[in-house]
Structure formats: structure tokens, C-alpha cells
K.L.:
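Got a structure for you, written out below as C-alpha cells; questions coming shortly.
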Amino acid sequence: MRKSLLLGLALLPAFAGAQEGSDWSAYRDAYRHMLWFEKYGKPKQFLQQHLRLRPRDASVSTEGLRLTLQGKGAQLALPLDALSRAVFPFSKAAYDDNAELSWNRKPGQITSSAWVSIVTRPDGVYAAGDLRAACEQFLAYARHTGGAGGKRCAGVQFAYARTEAAQVRYQGGDGAALPLAAQEGPAFPGDAVGTFRVFAYRFSAHPDGGQVLTNGTPLAIAALLE
């Protein structure tokens, strides 16, 4: 069994509507699950939440995947990013209308869930102390929702498209930059499909006083818990 767990994960169960044999989810169920994070009162400025769609197995492609909110007489397309995440539209009208969230795949191929990860920065500059704080915030929220157990923060992981010539470096107080090793792997643990270019930044290997520098905005940053 793996001793470490890379987290940028669904911290709550999949929505009730997204069961085996279903290609839709009740908006009301999703709304209730997404409220867990919205109402969470502890520090979370380094965290973000999305609604995420995930294939159940490696045979299901996410190419061309679309998510739609459908109500009475109206529908709204919800844009998905490269990791099939969407900004959730909190809407009293959709809730009252008993609207549905649907996706263009055969029944049972896709599951949906609330998904929490670490916020990315467009300037590519991350203070080492902020990355540690982000991981600790994630760990606190994971414990709040009943996960993480006795895990602790060990670092974070930056994920890019496999074909992107990304670089991630640690820069210490002396100005010297140390490149982090690139590997291939999933952007988030437990994903059935998707191979990305990933960089693990481990807290024990670098002082907190430095910075992590990237030459592009990562698709995602996940917390590394052990």
C-alpha cells in the first residue's frame, strides 16, 4: 500500500444522482455538497472548489466532454477546464426548479463530485511558506470532512499537460535556482485516465524561506499528504 497520498481530491461522496447507470446528477444534490466548502469557516484563501467530472475507468475519454445545467425550458453550458472541472453556479432558481446536471457520455461512464485543490498563480511565483500553508489548509479541510486520518503535509505537486515544456524550480535566499524533477503521472490521485507532466515539491527538501518558480500556470496543484 502506498505510504503517500497526493490530494486535490473529492472530499465528499459523489452526488446521489451520479450513480452507476446514470449520466446525470440532481442539481439539488450537487448544491448541498458544494455548500460544505462555502460554509467552511476556517482559513481557506489558498484553496478552491470546483464541480468535477471523472471517468470511471481508463476506457472513457474526456475529449469533447460537455456539462450542461438543464432546467424547465432552459439550459446552460458549464465550461470545463483541462481536468474536467467547472465553476459551480449557485442558483436559487435552479435549486427551486429541481434542475439537472448532465454530461454527454453513456450512462455509468462518468461520476461527478465536489473537488478541492490549491489555487494557482498566473505569475508563476509561489512563496514556499504559502505552499506549506496551502497544504495545511487542505489537510484541515480534509479532516473537517472526515478524511486524511493521521496524514501530515509533506509537499505539493504541480501538474502540466504532458506535451508542455514546463519547468519548476526552487529558488533559495541566495538566488540560486534548483530545478525540480519532472515525472509522468496523474494530476490527482485515483484518476482512471490522464497522464501529465508533474513536479513534486517536498517541504523537507527545501527551506521555507525560498520560492517555487514556474514558467507557466500549472493545470493544478495538489497537496501531498503522508
Side-chain angles (χ1 to χ4, degrees), residues 4-15 29-54 67 78-91 101 111-160 168 170 180 185-191 194 196 198-203 206 208 210-214 216-226:
S4 64
L5 181 62
L6 287 171
L7 290 172
L9 73 169
L11 292 167
L12 295 169
F15 307 142
D29 291 337
Y31 185 98
R32 295 186 187 105
H33 280 74
M34 301 296 284
L35 276 182
W36 278 64
F37 183 79
E38 296 300 312
K39 291 185 175 181
Y40 179 64
K42 294 182 179 180
K44 58 181 180 181
Q45 74 271 25
F46 295 117
L47 304 180
Q48 60 186 354
Q49 178 180 234
H50 292 90
L51 172 67
R52 189 177 185 215
L53 303 182
R54 288 196 296 164
L67 175 64
L78 302 180
L80 296 172
D81 68 8
L83 299 174
S84 302
R85 297 177 299 183
V87 175
F88 185 77
F90 284 95
S91 168
L101 293 159
T111 184
S112 63
S113 60
W115 199 266
V116 176
S117 60
I118 295 173
V119 175
T120 61
R121 291 180 57 91
D123 62 5
V125 179
Y126 301 84
D130 286 349
L131 291 175
R132 183 183 287 273
C135 186
E136 293 292 347
Q137 286 184 8
F138 183 91
L139 178 59
Y141 183 68
R143 289 173 175 166
H144 173 74
T145 57
K151 303 290 184 180
R152 64 176 181 83
C153 281
V156 298
Q157 175 183 270
F158 298 81
Y160 293 83
V168 180
Y170 171 80
L180 301 184
F188 297 111
D191 285 357
F196 297 87
V198 298
F199 300 82
Y201 167 69
R202 301 184 68 83
F203 301 140
H206 308 282
D208 279 350
Q211 296 178 320
V212 175
L213 309 176
T214 70
T217 304
L219 297 176
I221 305 176
L224 173 59
L225 305 184
E226 292 183 347

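Because the structure is a prediction, the values reported are computed rather than measured.
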K.L.:
Determine the minimum heavy-atom distance between Ile221 and Val119, stating which atoms define it.
P.N.:
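Reported closest heavy-atom pair: CD1-O, 3.8 Å.
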K.L.:
With a 3.5 Å distance limit and no angle check, can you tell me whether Lys151 reaches the backbone of Leu139 through a side-chain donor-acceptor pair?
P.N.:
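Not a single qualifying donor-acceptor pair exists.
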K.L.:
Are Phe90 and Phe88 an aromatic pair, judged by ring center distance below 6.0 Å?
P.N.:
yes
K.L.:
Parallel, tilted or perpendicular: which describes the rings of Tyr201 and His206, with under 30° parallel and over 60° perpendicular?
P.N.:
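Tyr201 and His206: parallel rings.
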K.L.:
Any donor-acceptor pair under 3.5 Å linking the side chain of Tyr126 with the backbone of Arg121?
P.N.:
yes
K.L.:
Provide the closest heavy-atom pair for Phe203 versus Val156 in the form atom of the first, atom of the second, distance.
P.N.:
CZ-CG1, 4.2 Å
K.L.:
Less than 4.5 Å apart, side chain to side chain, heavy atoms only: is that true for Leu47 and Ile118?
P.N.:
yes
K.L.:
Which heavy atom in Val198 sits nearest to a heavy atom in Pro186, and how many Å separate them?
P.N.:
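Between these two residues, the closest heavy atoms are CG1-O, 3.9 Å.
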K.L.:
Identify, with sequence neighbours excluded, every residue that meets side chain to side chain contact (heavy atoms under 4.5 Å, CB included) alongside Val125.
P.N.:
Asp123, Gln211, Leu213
K.L.:
Which pair of non-hydrogen atoms, one from Arg85 and one from Gln48, has the smallest distance, and what is that distance?
P.N.:
NH1-NE2, 4.0 Å
K.L.:
For Arg143, enumerate each residue passing the salt bridge (charged side-chain N to carboxylate O under 4.0 Å, His left out) test, keeping only those at least two apart in sequence or located in another chain.
P.N.:
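None.
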K.L.:
Restricting to side chain to side chain contact (heavy atoms under 4.5 Å, CB included), what partner residues turn up for Ala86, sequence neighbours left out?
P.N.:
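Scan of Ala86 (side chain to side chain contact (heavy atoms under 4.5 Å, CB included), adjacent residues dropped) gives Leu67, Leu78, Leu80.
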K.L.:
Do you know which two heavy atoms are closest between Leu83 and Ala187, and how far apart they sit?
P.N.:
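Scanning both residues, the minimum pair turns out to be CD2-CB, 3.8 Å.
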K.L.:
When you measure from the side chain of Glu226 to the backbone of Ala154, do you find a donor-acceptor pair of N or O atoms at a distance under 3.5 Å?
P.N.:
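Checking the backbone N and O of Ala154 against the side chain of Glu226, no donor-acceptor pair under 3.5 Å is found.
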K.L.:
Not counting sequence neighbours, which residues clear side chain to side chain contact (heavy atoms under 4.5 Å, CB included) with Asp208? List them please.
P.N.:
Arg132
K.L.:
For the residue pair Tyr40 and His144, does the interplanar ring angle fall in the parallel (under 30°), tilted (30 to 60°) or perpendicular (over 60°) class?
P.N.:
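The rings of Tyr40 and His144 sit tilted, inter-plane angle from 30° to 60°.
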K.L.:
Taking side chain to side chain donor-acceptor pair (under 3.5 Å) as the test, write out the residues that go with Asp191, two or more places apart.
P.N.:
Arg52
K.L.:
Just jot down the side chain to side chain contact (heavy atoms under 4.5 Å, CB included) partners of Ser91, sequence neighbours excluded, or say none.
P.N.:
Tyr27, Ala93, Ala94
K.L.:
Determine whether a donor-acceptor pair (N or O, by modelled atom type, separation under 3.5 Å) exists between the side chain of Gln49 and the backbone of Met34.
P.N.:
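Such a contact is found between Gln49 side chain and Met34 backbone.
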